[in-house]
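Working notes, structure below.
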Amino acid sequence: MAKDPVRVLVTGAAGQIGYALVPMIARGVMLGPDQPVVLHLLDIPPAAEALNGVKMELIDAAFPLLKGVVATTDVIEACTGVNIAVMVGGFPRKEGMERKDVMSKNVSIYKSQASALEQHAAAGCKVLVVANPANTNALILKEFAPSIPEKNITCLTRLDHNRALGQISERLNVQVSDVKNVIIWGNHSSTQYPDVSHATVKAPHGENHVRELVADDEWLRGEFITTVQQRGAAIIKARKLSSALSAASSACDHIRDWVLGTPEGTWVSMGVYSDGSYNVPAGLIYSFPVTCRDGEWSIVQGLSIDEFSRNKLDATAQELSEEKALAYSCLS
């Protein structure tokens, strides 16, 4: 029996990330090679013509899994009946702008999109926020879509997780697929903490700890962390545009693992609603190590946290608490 199509919303769909993301979804990268999809593409009115061009290209690519395309600048039409929402659209920080200016623009965007999703999305809709500040945008969305379960609202830190895997694989000259269980803790910002304390590399006779293989704590606690934290800025400097291909690919990874499950013995990093695990304040959207099964994520419990890590976890939580306060001040 053919499966019913899943309706996937991509906001900001005419932008760089959207342009990289929609063919991946249509090709089955996000939901699997046997899952038909209908794409709902949303962008702002000035981008309507470009959005229509993206729709034309999707039709021209003749993707077998693609069962329809809704391309619109109307948020209600875009959100109606969607099962998965990938929120790529947001207001980017421009030169000379204060953080509060960016925050207030994004608060109003996410407030209106939250109410459209709450009223018009399919029951059980899963939401992934990509646009920065991703953690706090997700929190605002949660605030204004109270009937969407908090477990269904997440933000993207899989890009940082994948960046960390990439750095370790380059350093050790091993296949990236053989590295697992790095963790991104906290905010998708330069305070995030890429942690290899529990990471391993597959070897012919079992698994070896990354820390022992690298055998250079100075690099692991210094350059490795800053490279992952600042990778986005390095790509902007090199490309004169922000990360699009890698962001799109990791958004697919995030949703695929959430929906289809993580491999046994492997965890991934997701920005999720904190329940107080690891003494992270409850009520923040914070990146944790999670495993996924039957469409549900669970925070990995019981990992040991040394003093170096504890300080890093607390620092990024502090930044998120400040961002949350700033976002709420924009509401009043």
Side-chain angles (χ1 to χ4, degrees), residues 3-13 17-18 21-22 24-26 28-32 34-42 65 67-68 70 75-76 78-90 109-110 113-131 134-159 161 188 247-262 267-275 285-299:
K3 294 181 173 180
D4 290 333
V6 170
R7 291 183 177 270
V8 183
L9 166 66
V10 177
T11 72
I17 295 173
L21 177 59
V22 293
M24 293 183 189
I25 301 171
V29 176
M30 179 180 277
L31 295 170
D34 61 346
Q35 178 57 65
V37 291
V38 174
L39 281 168
H40 287 227
L41 311 180
L42 175 69
L65 291 171
K67 300 304 177 194
V70 177
V75 67
I76 290 172
C79 291
T80 299
V82 297
N83 309 101
I84 291 166
V86 186
M87 317 301 283
V88 179
I109 291 169
Y110 276 80
Q113 292 184 350
S115 47
L117 279 171
E118 172 159 74
Q119 291 168 42
H120 302 285
C125 177
K126 288 178 159 54
V127 182
L128 167 60
V129 177
V130 176
N135 300 58
T136 300
N137 284 343
L139 194 62
I140 293 297
L141 194 143
K142 184 202 154 295
E143 257 341 277
F144 289 97
S147 71
I148 297 178
E150 61 195 32
K151 288 204 84 163
N152 283 20
I153 296 173
T154 64
C155 83
L156 187 72
T157 56
R158 183 60 174 269
L159 177 54
H161 180 99
H188 174 62
S249 181
S250 45
C252 288
D253 291 345
H254 175 111
I255 297 285
R256 185 192 63 238
D257 286 344
W258 188 4
V259 172
L260 302 177
T262 45
W267 62 67
V268 293
S269 303
M270 283 170 68
V272 299
Y273 196 64
S274 171
D275 60 359
I285 301 259
Y286 188 100
S287 182
F288 288 96
V290 302
T291 55
C292 305
R293 192 173 173 180
D294 301 328
E296 299 275 332
W297 55 263
S298 311
I299 296 172

- Message: Please find the pair of heavy atoms, one from Ile148 and one from Cys125, that lie closest to each other, and give the distance.
- Response: CG2-O, 4.2 Å
- What is the minimum heavy-atom distance between Glu118 and Ser147, and which atoms define it? OE2-N, 2.5 Å
- Query: Is it true that a side-chain atom of His40 and a backbone atom of Val70 form a donor plus acceptor pair closer than 3.5 Å?
  - Reply: no
- Message: For a quick test of reading the model, state the closest non-hydrogen atom pair linking Ala26 to Val37 and the distance between them.
- Response: CA-CG2, 4.2 Å
- Task: Could you tell me which residues satisfy side chain to side chain contact (heavy atoms under 4.5 Å, CB included) with Leu260, sequence neighbours excluded, listed by chain and number?
- Result: Arg256
- CD1 of Ile109 to CG of Leu141, rounded to nearest 0.5 Å, is 12.0 Å
- Would you please test Met24 and Ser249 for side-chain contact (heavy atoms from CB on, under 4.5 Å) and show each step? CA-CA 8 Å; Met24 293 183 189; Ser249 181; 4.1 Å; yes
- Query: In chain order, what residues pass the side chain to side chain contact (heavy atoms under 4.5 Å, CB included) check against Glu143, with sequence neighbours excluded?
  - Reply: Tyr328
- Message: Contact between Met270 and Cys292 at the side-chain level, heavy atoms closer than 4.5 Å - yes or no?
- Response: yes
- Query: Who pairs with Asp294 by salt bridge (Lys or Arg N to Asp or Glu O under 4.0 Å), at least two apart in sequence or on another chain?
  - Reply: none
- Item | Candidate list Leu65, Asn83, Ile84, test side-chain contact (heavy atoms from CB on, under 4.5 Å), partner Leu31, passing option | Ile84
- Looking only at heavy atoms, what is the nearest atom pair of Cys155 and Ala138, with distance? CB-CB, 4.1 Å
- Note on the structure: Sequence neighbours excluded, the answer for side chain to side chain donor-acceptor pair (under 3.5 Å) partners of Asn152 is none
- Query: Excluding sequence neighbours, so at least two apart, what forms side chain to side chain contact (heavy atoms under 4.5 Å, CB included) with Glu150?
  - Reply: Lys142, Tyr273
- Note on the structure: Interatomic distance, NE2@His161 vs NE2@His188, rounded to 0.5 Å, equals 14.5 Å
- Item | Test item: Met87 and Leu117 side chains (from C-beta on) under 4.5 Å apart, heavy atoms | yes
- Residues passing the side chain to side chain donor-acceptor pair (under 3.5 Å) test with Asp4, sequence neighbours excluded, are none
- Task: Look up atom CZ in Arg7 and atom CG in Leu39, then write down how far apart they are to the nearest 0.5 Å.
- Result: 10.5 Å
- Task: Grab the two heavy atoms, one from Val129 and one from Ala134, that are nearest each other, plus how far apart they are.
- Result: CG1-O, 3.7 Å
- First locate atom CG of Asp257, then atom CH2 of Trp297, and finally report the distance between them rounded to the nearest 0.5 Å. 15.0 Å
- Task: Please list, chain by chain and in numerical order, all residues satisfying side chain to side chain contact (heavy atoms under 4.5 Å, CB included) with Ala131, sequence neighbours excluded.
- Result: Tyr110, Asn137
- Query: Within the side chain of Asn135, is there an N or O that forms a donor-acceptor pair under 3.5 Å with the backbone of Ile285?
  - Reply: yes
- Taking Lys3 for its side chain and Pro36 for its backbone only, find out whether a donor-acceptor pair lies under 3.5 Å. no
- Message: For the CG atom of Leu9 and the CG atom of Leu42, what is their distance to the nearest 0.5 Å?
- Response: 6.5 Å
- Note on the structure: For His254, the ring pair (Phe, Tyr, Trp, His ring centres under 6.0 Å) test, sequence neighbours excluded, returns Trp258
- Kindly compute the distance separating OG (Ser269) from CG (Leu159), expressed to the nearest 0.5 Å. 11.0 Å
- The side chain to side chain donor-acceptor pair (under 3.5 Å) partners of Gln119 (sequence neighbours excluded) come to none
- Shortest non-hydrogen pair, Ser250 vs Leu156, comes out as O-CD1, 3.7 Å
- Is a donor on one side and an acceptor on the other found under 3.5 Å between the side chain of Thr154 and the backbone of Val127? yes
- Please report the C-alpha distance between Gln113 and Val75 in whole Å, then the side-chain angles of each, then the deciding distance to 0.1 Å, and finally whether the side-chain contact (heavy atoms from CB on, under 4.5 Å) criterion is met. CA-CA 7 Å; Gln113 292 184 350; Val75 67; 4.0 Å; yes
